Amino acid sequence: DDIGLVSAIRALSEDFQAGGLEIVVDADPQPPRSARMPEEARTALYRVTQEALTNIVRHSKATKVLVTMRISERHVSLRICDNGCGFDVAERQEGVRGLGLRNMRERVELHNGLFLIRSRTEETKSSIWNRQAEAEWTTEVMVRMPRQRIGPTIEQDMSVSAEAAE
């Protein structure tokens, strides 16, 4: 269930904290029960979080991370911010490097979700307020995914088109 997803992300964050990274997980304590997310969508959100945290540890030199999850009747919003060195998003998404970013995007889009990433390499950093502390964040991964499948995925739509052409 969706509470299990929050618990899994908290446990994942604790594993990454063992390496000295400070991670705050800010998630809704009681998500609505009326709409249950498919297991594949929950797994995708977990894997996106795992990949983002792995990238932060490997590349960002961050000391702090904020993982925010909001679960409404219709959507799950996931946001992962860090205070690391930042990077050029366009360069990473176009080049050979950035395979993890492409994988995250594909996982989210497979479930009709929206995936955005913003990063700053310059000195000016945006400030985002959270309940526990105010920190400067340089990189932000944002995901919004419907809790129920709204329509066919691109792959399903293409297979229907292929069958109709035969």
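Computed from a predicted model, the values in this text were never measured in an experiment.
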With rounding to the nearest 0.5 Å, note down the distance linking [atom1] in [X] to [atom2] in [Y].
| X | Y | atom1 | atom2 | result |
| --- | --- | --- | --- | --- |
| Gln17 | Leu12 | CD | CG | 10.5 Å |
| Phe16 | Thr49 | CZ | OG1 | 10.0 Å |
| Leu5 | Glu39 | CG | CD | 11.0 Å |
| Asp15 | Gln50 | CG | CD | 9.5 Å |
| Thr63 | Asn83 | OG1 | CG | 3.5 Å |

Sub-3.5 Å donor-acceptor pair from the side chain of [X] to the main-chain atoms of [Y], do we have one?
| X | Y | value |
| --- | --- | --- |
| Arg42 | Met37 | yes |
| Arg79 | Glu140 | no |
| Arg144 | His75 | no |
| Arg105 | Phe115 | yes |

Taking all atoms of both residues into account, what is the closest heavy-atom pair of [X] and [Y], and its distance?
| X | Y | value |
| --- | --- | --- |
| Ser119 | Gly86 | OG-CA, 3.2 Å |
| Ala44 | Arg107 | CB-O, 4.0 Å |
| Met145 | Val108 | CE-CA, 3.9 Å |
| Ala52 | Met104 | N-SD, 3.9 Å |
| Leu66 | Asp26 | CD1-CB, 4.3 Å |
| Leu21 | Ala62 | CD1-O, 3.4 Å |

Path from Leu45 to Met142 over hydrophobic side-chain contacts below 4.5 Å: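 No, Leu45 does not connect to Met142 through the hydrophobic network.
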
Indicate, with yes or no, if Ile117 and Val57 share a hydrophobic cluster defined by side-chain heavy-atom contacts under 4.5 Å among Ile, Leu, Val, Met, Phe, Trp and Tyr.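 Linked, Val57 and Ile117 end up in one cluster.
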
Determine, for Glu106 against Arg102, whether the closest basic-nitrogen to carboxylate-oxygen distance falls under 4.0 angstrom.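 Not counted as a salt bridge, because no side-chain N and carboxylate O are separated by less than 4.0 Å.
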
Flag the pair Arg147 / Val76 as yes when at least one side-chain heavy-atom distance between them is below 4.5 Å, and no otherwise.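 Of all side-chain heavy-atom pairs linking Val76 with Arg147, at least one is under 4.5 Å.
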
Using side chain to side chain contact (heavy atoms under 4.5 Å, CB included) as the criterion, point out the one residue from Val65, Asp82, Ile80 that pairs with Ile23.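 The option that passes is Val65.
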
Derivation of the side chain to side chain contact (heavy atoms under 4.5 Å, CB included) call for Val48 and Asn103: CA-CA 8 Å; Val48 165; Asn103 287 342; over 6 Å; no

Using a distance-only test with no angle check, is there a side-chain donor-acceptor pair under 3.5 angstrom linking Asn55 and Ser60?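 Judged by distance alone, the side chains do not pair up.
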
